[in-house]
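Throughout, residue positions are numbered sequentially from 1 according to the sequence presented. Excluded from the calculations below are hydrogen atoms, water molecules and symmetry mates; all remaining heavy atoms, backbone and side chain alike, are included. We count ligands from 1, going down the list as the structure has it; atoms in each ligand are counted the same way.
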Amino acid sequence: MSRRVQAVIIGSGPAGLILSQLLLHAGIEAVILERRSQDHVLGRIRAGVLEQGMVEMLERAQCAQRLHAEGLVHGGINLAFGGERHRIDLATLTDGKHVTVYGQTEVTRDLMEARAHDGGESVYEAADVTPHDFDGDHPYVTYRKGGAEHRLDCDIIAGCDGFHGIARQSVPEAAITTYERIYPFGWLGVMADVRPVNDEIIYANHPKGFALCSMRSKTRSRYYVQVPVEEKLEDWPDQRFWDELRSRLDPQAAESMIIGPSIEKSIAPLRSFVAEPLRFGRLVLAGDAAHIVAPTGAKGLNLAASDIYYLHEALVAYFKDGSDAALAAYSGRALARVWKAMRFSWWMTALMHRFPDTGAFGQKIQEAELAYLVSSTAASTSLAENYVGLPF
Ligand code: FAD
Ligand code: PHB
């Protein structure tokens with residue numbers, strides 16, 4: 001079966017879903033092709049901290065009602081080290097800006113429901129999705145569904161299909177440059193239905209390694225500890241996790257921590273990766289398909305939203321005015337912001353983790369940087385303005 005649409009979006013993660021809603025509201029016909037089932041996509045537990053820019057994107061997508069009702073507004077974050085906890089007052093340091101804690105799962109659910117309500121088309125369990133001829137004027141995408149072969153002819157293919165997606169892999173190697181840093185550790189994460197240990201997020205630097213206390217709601221906690229990459233999940237029964245987490249926190253947090261059975265437990269390796277450029281003729285990349293950041297600065301999901309900000313502007317200009325200029329500028333505009341978030345995440349990762357090769361001198365420098373950070377308004381302001389998100 002073959003037919004024509006204006007845009008094909010590969011991937012139904014946050015990037016693809018936000019783009020699809022913005023295009024729909026601009027009167028541009030797009031179809032989402034997603035290889036997994038809707039339930040599988042909704043079952044993935046990922047990010048939880050939204051910058052104001054991301055919230056504004058969800059408002060533009062007319063999909064922020066529940067977020068505003070249920071999201072937790074945080075005007076500060078906390079750094080724990082040397083047995084003490086220090087608050088970084090994000091709001092005061094950034095003229096009233098803040099972040100919102102609202103799970104990626106909920107963002108995805110809200111976007112999927114809005115798309116269904118607005119009559120947008122998404123094909124789930126689309127197998128062998130393949131982009132073709134995007135270096136010419138007649139690109140198309142093929143896929144299999146329900147035993148049948150399908151073909152969608154289009155003007156634009158948007159690769160929003162995550163790090164392991166097909167879009168970036170379809171680009172000839174000579175046309176793409178990649179930059180990568182793989183860290184020698186990962187994060188062991190646990191979700192539990194217990195009251196969070198603190199009203200705000202705590203990032204802890206401890207001789208045993210980094211730890212993070214986050215949340216999804218007032219009754220659901222999300223906690224992480226740094227572990228070597230080769231660590232096995234089966235070696236981490238809940239009690240070992242709770243003991244390890246507590247041992248890395250400030251005394252007040254360790255004592256007041258409520259524990260309970262984990263409802264999810266996983267190990268995520270830490271990696272930073274950028275592919276350049278983001279446009280190859282009629283194929284564009286956005287979100288994790290093009291770049292992933294170490295999670296320390298909570299930037300991954302937010303970068304997907306900023307890419308879509310630039311991309312949807314470019315696509316509206318392309319489809320409404322026939323202008324190629326905005327599309328030509330997309331890659332440069334988006335990557336300028338991506339690299340700033342890469343730098344911030346890299347810096348915060350270096351600041352908060354134990355590295356196998358730090359050495360005594362490196363350790364002293366890390367301690368001095370933490371002390372400087374919490375005692376200098378200039379240094380705290382730099383952290384705060386990056387954490388709440390640089391302007392689009
Ligand atoms: P994705 O959410 O990955 O969506 C891509 C979609 O494309 C998926 O639904 C996938 O099934 C689909 N797809 C893939 N290949 C194909 C194909 N061939 N055909 C069709 N569809 C395809 N960020 C943070 O800020 N904080 C965190 O704590 C955090 N934790 C994370 C934990 C994990 C385990 C992972 C993987 C990521 C985490 N991130 C975190 C990053 C954040 O979740 C991502 O940056 C965000 O999901 C990016 O959205 P996206 O839409 O670009 O990609
Ligand atoms: C999370 O809540 O999952 C989270 C919070 C802050 C981060 C990373 C992850 O930096």
Side-chain angles (χ1 to χ4, degrees), residues 8-20 32-38 40-51 54 72 74 77 99-105 107-108 111-112 122-131 141-145 157-170 186-187 189-191 196 200-203 210 212-217 220-224 264 266-271 273 285-308 311 338 341 344-345 348-349 352 387 389:
V8 173
I9 298 170
I10 309 178
S12 168
L17 285 165
I18 297 175
L19 179 62
S20 74
I32 292 182
L33 299 179
E34 162 64 52
R35 78 168 157 192
R36 303 286 196 171
S37 70
Q38 202 160 354
H40 179 95
V41 174
L42 279 172
R44 292 190 298 224
I45 290 169
R46 290 183 170 181
V49 179
L50 311 187
E51 295 172 359
M54 166 91 189
L72 305 174
H74 284 199
I77 56 168
V99 293
T100 304
V101 171
Y102 188 70
Q104 180 171 336
T105 315
V107 170
T108 308
L111 285 161
M112 282 179 176
S122 305
V123 181
Y124 288 90
E125 297 175 272
D128 298 336
V129 174
T130 312
V141 180
T142 54
Y143 65 98
R144 278 190 307 107
K145 168 89 185 173
I157 305 169
C160 301
D161 50 350
F163 184 62
H164 299 288
I166 188 66
R168 192 184 70 250
Q169 289 173 38
S170 307
W187 283 11
V190 158
M191 188 86 91
E200 290 175 345
I201 296 174
I202 305 173
Y203 291 89
F210 169 74
L212 168 59
C213 300
S214 182
M215 67 200 74
R216 290 292 175 271
S217 70
R220 179 167 286 187
S221 299
R222 179 65 163 161
Y223 296 133
Y224 301 92
E264 195 264 357
S266 54
I267 296 178
L270 262 66
R271 180 202 296 254
F273 173 91
L285 302 178
D288 276 22
H291 43 74
I292 47 178
V293 278
T296 322
K299 291 288 167 245
L301 175 57
N302 293 299
L303 277 184
S306 66
D307 282 0
I308 296 305
L311 181 58
V338 164
F344 174 66
S345 304
M348 206 167 157
T349 302
M352 297 308 297
Y387 196 86

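- The distance from ligand 1 to the heavy atoms of G287 drops below 4.0 Å at these ligand atoms: 52 (O).
- Summarising the contacts of atom 5 (C) of ligand 1 with S214, P295, C160, S37, the nearest heavy atom is found in C160.
- Near I166, the atoms of ligand 1 lying under 4.0 angstrom from a non-hydrogen atom of the residue are 18 (N).
- Of the candidates A268, G297, A15, the one placing a heavy atom closest to atom 51 (O) of ligand 1 is A15.
- Of the N or O atoms in P14, one or more lie within a sub-3.5 Å distance of an N or O in ligand 1.
- Partners of Y223 by ring-ring contact (aromatic ring centres under 6.0 Å, His included), not counting sequence neighbours, listed by chain and number: W242.
- Residue R35 has at least one nitrogen or oxygen atom sitting less than 3.5 Å from a nitrogen or oxygen atom of ligand 1, judged on distance alone.
- For a threshold of 3.5 Å applied to N or O pairs, the pair formed by E34 and ligand 1 contains at least one separation below that value.
- Between R216 and ligand 2 there is a heavy-atom distance shorter than 4.0 Å.
- Proximity to G11 (heavy-atom distance under 4.0 Å) selects the following atoms of ligand 1: 6 (C), 7 (O), 12 (C).
- Nearest to atom 27 (C) of ligand 1 among the protein's heavy atoms is A47 CA, 3.4 Å.
- Less than 4.0 angstrom separates atom 39 (N) of ligand 1 from none of the non-hydrogen atoms of the protein.
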